[in-house]
Structure formats: structure tokens, C-alpha cells
S.K.: 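One structure, pasted below without further comment.
This one's a predicted model, so the numbers in the text were calculated from it and none came from an experiment. Naming: A, B, ... by sequence-line order, numbering from 1 per chain.
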There are 2 protein chains.
Amino acid sequence: MQSAAKIDHPCRQCAFYAESVWHPVEQDSLRSLAQNFVRRDLSEGEVLFEQGTDNRGVFCVSRGLIALRTHHADGNSTLLRLAYPGEVIGFRSFLGDGQHQTEARALTPSRVCTVPRSASSHLLQDNPAIMKQLATRCVREIDRTHERICSAATKTYKEQLADLLMTLMDHHGEQQQKGQRHMRLPLSRSDLADLLGVQPETLSRLIKRLEKDGWVQIKGRHVTMLSHPLRDLSASIG
Amino acid sequence: MQSAAKIDHPCRQCAFYAESVWHPVEQDSLRSLAQNFVRRDLSEGEVLFEQGTDNRGVFCVSRGLIALRTHHADGNSTLLRLAYPGEVIGFRSFLGDGQHQTEARALTPSRVCTVPRSASSHLLQDNPAIMKQLATRCVREIDRTHERICSAATKTYKEQLADLLMTLMDHHGEQQQKGQRHMRLPLSRSDLADLLGVQPETLSRLIKRLEKDGWVQIKGRHVTMLSHPLRDLSASIG
DNA sequence: TTTCGTCATTGACGATCGTCATATTTTGCG
DNA sequence: CGCAAAATATGACGATCGTCAATGACGAAA
């Protein structure tokens, strides 16, 4: 854990900071909250918090990609969701029983803004505006899980994989040339399969099917896809 | 909408009331909140709120069973979740953009405690203790959706159906005699299939398989199951 | 009671998925 | 550069699911 960076706002990409700009009325309390921000950089594969440990605060993803995973009693585990930049994680245990029910691991080199529980719990707990912001985060996560349920009920695995690849490309796409976009895939095949709820062998065949359609090319962790047509894939595939 | 019942606590089963007992420190604000409770009885099939309408408050289910469903642009719809007694619904749109993204329909004759938005929005919005309660509701719903994701990833449809039937039996089981429990199934086959994410034909075959195991007997809406063995079904089925 | 419409079940068949086994590729390290 | 371990891909096969079509059961209204 680094020492707090108290000069200016330590995390301009942080959604908390952004909202303090959008809502000037609440700015004072949020500014004092920002004073307690701690910036932390995570290397690839580094764990932000482990399942079963005490909640130490609320985290906002600034850069990179964080995977939230639950480990079951039988040794298996499930990749619950990915946290992209701008999203807040850790509020579930912060508002709940105080214990992380998931493990948070950086899939790429990442940066998070930490609001330590010790330093500002009273500020978070007793301030209705900030409580509402946290509640809004919860609402967004509920929306996301609802969308996921609808996706699972409506779309095929092939479409879901296409959607996932497009979202990843939006966040991790590097350069764009000759109508193609490229990225380094931040997830392993196992993680991709886990996220879709299929077996790794099935995922491999899903990838092959997408490649046969010509929408995308995946070799190892190198992903290349056409810029525009893939955008319509989830709608066009029957 | 009925007129408010202001004598005593109108809804003793309501979780809001229950928590006001558990946390005496917050009792005053919650008692004044309870003054605004409106009790509303819903007949089977009646709609509590429709998708796309403005949020009119927060609802707590006292009795019965409420189905939350989203209608998609293509005419299809997805049954997102069931709300059992003690659960709070409507807070998503209350805390969010103010518009219901789901339709709430009573599957059985039900009773809900309504906290009208107009009467108590300031109380809900400006009181950190109540905001935290609402946030806690959000956390619980996130937990439930996470469990659902894990179930979908881990269990077979057969096990998921067994789990669902057991949960329904816990809430709607009527009498218990000779080691058997009985209930009137509160959901149609289509709704059951929707909740599991399968087609109605598949659900019918899932039921047939459960019946062949001898765990349960389902004729129309009449469900009879053994009291104890089914409890272990989800663990024993390989 | 009869009729009609809706809901539920059943059958058949093609497509997809899970599982196991085996090959191939990639990755990390010496 | 080369090797070993891990990750990924492929093949085969049984089980399950979705789809379409047809049948059967149930309830509401005449």
C-alpha cells in the first residue's frame, strides 16, 4: 500500500472525481473524500483483495482490467464479472458484512484508486450523498447482472462471445489500421470460458466458428477483428 | 392505490419494520418512515408497476410472490427474478434514473408495503441510515444474482429446477403429512422455463426426469414432494 | 354439458455442449 | 537455443437442448 497522494486530485480518471465535477453541490464532501485517495498500481496477475479477507475500503478502477472471482468449497471457482476503468469494486463487502466474497485480480497492469475504510468509513457511512453514490454503483451492477441474465437467456454462446470480444476491444484495442483493430487478449481461454459459462473446449470451438465467419482472427493472445462489421455481429447472427 | 394506513405499523412483516426493531438507534427515522407506509393488496396477475413508468416509491413484499420481468424491443421478455416476502423491490429505479426497467406482477395474491416516493423521498434520500439500508438491499440483490450466475455455471438445469422447486415449497408449501409436502405451483411452465433459461418443452422434460427419480410429482399446478430427500437433491445429483 | 382456446406434453430430428483422450502450440526457464 | 510444463486445439462420442409439429389436458364461457 502506497502513501496517500494528497496533492490535487490523485485520480482524475476516477469516477468519484468525475462525479464531484458533475455535481458541484456535493463537491465539498467528495473533495474531502478525495483527500484520502490512495493510488495503487497493480502488475498483471496481482491480487487486489482476496476472498474471505476483511474489506479495507472501496476501489475505483482507473486503468486496466480487474477480474472478480469467487472460489467455491469444492475447489472450483467462477469468474463473476470484469471491472473496467471507471467502475467501483469492493462496495459490496463495504456495505455488506465487511468480508470480501470475491477475489479481485488484475488481468492487465492496472491502477486503482483506493478509499481506505479506516480513513473515511465515517465519511462514507454518514454522508447521504456519498451513500447514494455507492447505492448508484450497486444499481449499475444490478443492471449489468440483469443484462447478463437477459443475454444468457436470449443470445447464443457465439453471440455472447462476440459481444465480449467487442467490449474488450473497445477497452483494450490498440491501433486501428486498414479497417482492422488489434488487441492483446487480457483473458486466458479458461477465463473466457468461465465468463461465458462453457467448457474451455467449447470456447475453442466457438472461436473457430467466429474465425470461420471471417469476423475475427485469434492466434494465442493476439486478436484482430474488422472494425465495423463485427459491431453488427450480435444482431446478424441467427 | 389505497389510502395510507397510519395506525400502528401497517406492515409488521415488512423488513423495514423488522429492522427498525433490530436497530433501535435508527428507530425514530424509520418510525416516521413507517407512518407513510401504504398497504396494498394485489390479486393474482395484478401488476404492481409496469416497465417504463415512473418510479412511485419503494415496495416491500409482505405476502405472496412478485415476478420481475423485462420486456425487450423484439417483443420477447425475460423473467429476471422472483421477490419473496421480506424483499424490497423498486429501489433500483428509485436510486437510479427513476424509471422502472422491469414489470412487477403478482404471481399469487400478494401484499406489499409501499413507501411512496412523493411522501418520503426526502426522508429516504437525505437519511444516511435509510440510504444504507437501501444500499444493503442492493447488496443482497447483487449477492442473489451472483449466486444465480454461479448456479448457472455450476449446476445442471435439473439441479437448478430442483433448487427452485424447493425454494418455492419453502415459501408456498401448505400442509405437511406423511412425509410429503404440497403446494400450488405459483408459476406457469413458461415462467419456470424462462427463469431457468430453457424452452418450455425442455422444462417439461426436466420435470419428467425429476418425477422419474421419485423426488417430486407435478400434475398441472399441483406439486407434491417428499419432505426430506429432495433437500439433498442438488447435492446428490451428479 | 359442450365447445373452444390456451396451456402443456410428447415425438422426431438436427445442432450444440460436455467429457475424455490425444495432439499441437505456446510459454517460461535454463 | 532447447527443453519441459502448461496452455490450447482437435477428434470422437454420448447426452442434452432447441425447434417444429402434433397431440393431449385443462379451464372458461355459452
S.K.: Round to the nearest Å and state the distance from B:Lys219 atom NZ to D:dA25 atom P.
M.R.: 10 Å
S.K.: What orientation do B:His100 and B:Phe59 show, parallel under 30°, tilted 30 to 60°, or perpendicular over 60°?
M.R.: tilted
S.K.: Tell me whether A:Arg148 is salt-bridged to A:Asp163, with the criterion being a basic N under 4.0 Å from an acidic carboxylate O.
M.R.: no
S.K.: Mapping B:Gly220 and A:Ser190 to their closest nucleotides on DNA chain D, which lands nearer the 5' end?
M.R.: A:Ser190
S.K.: From the options A:Arg40, A:Arg111, A:Arg105, select the one residue that forms a salt bridge (charged side-chain N to carboxylate O under 4.0 Å, His left out) with A:Glu46.
M.R.: A:Arg40
S.K.: What is the distance, rounded to the nearest whole Å, between atom CZ of B:Arg189 and atom P of D:dA25?
M.R.: 14 Å
S.K.: Starting from C1' on D:dA9, measure out to CD1 on A:Ile207 and report it in whole angstrom.
M.R.: 10 Å
S.K.: Give the angle between the helix axes at the two ends of the helix from C:dT1-D:dA30 to C:dG30-D:dC1, taking five base pairs at each end and rounding to 10°.
M.R.: 40°
S.K.: Expressed in angstrom and rounded to an integer, what is the separation of B:Leu187 atom CG from C:dA8 atom P?
M.R.: 10 Å
S.K.: Over how many whole Å does the gap from B:Ile218 atom CD1 to C:dT9 atom C1' extend?
M.R.: 13 Å
S.K.: Any ion pair linking B:Asp97 and B:Arg92 (charged N to carboxylate O, less than 4.0 Å)?
M.R.: yes
S.K.: Is there a donor-acceptor pair closer than 3.5 Å between any side-chain N or O of B:Gln51 and the backbone N or O of B:His71?
M.R.: yes
S.K.: Rounded to whole angstrom units, what separation is found between the CD atom of A:Glu44 and the C1' atom of C:dT27?
M.R.: 13 Å
S.K.: Just how far, in rounded Å, is C1' of C:dC7 from NE2 of B:His222?
M.R.: 15 Å
S.K.: Give a yes or no on this: more than 12 heavy atoms of other residues, nucleotides or ligands lie within 6.0 Å of atom NE2 of B:His72.
M.R.: yes
S.K.: Reading nucleotides 16-24 of chain C from the 5' end, what letters show protein touch, with B for base, S for backbone sugar-phosphate only, - for no heavy atom under 4.0 Å?
M.R.: SSSBB----
S.K.: Quick one: is D:dA9 close enough that its OP1 or OP2 comes under 4.0 Å of any side-chain N or O from A:Lys208?
M.R.: no
S.K.: What integer distance in Å separates A:Arg221:CZ from D:dA9:P?
M.R.: 11 Å
S.K.: Under the salt bridge (charged side-chain N to carboxylate O under 4.0 Å, His left out) rule, what pairs show up with a residue in residues 64-74 of chain B, not counting sequence neighbours?
M.R.: B:Arg69-B:Asp191, B:Arg69-B:Asp194
S.K.: Closest approach of A:Ser62 and A:Pro85, non-hydrogen atoms and distance?
M.R.: O-CB, 3.3 Å
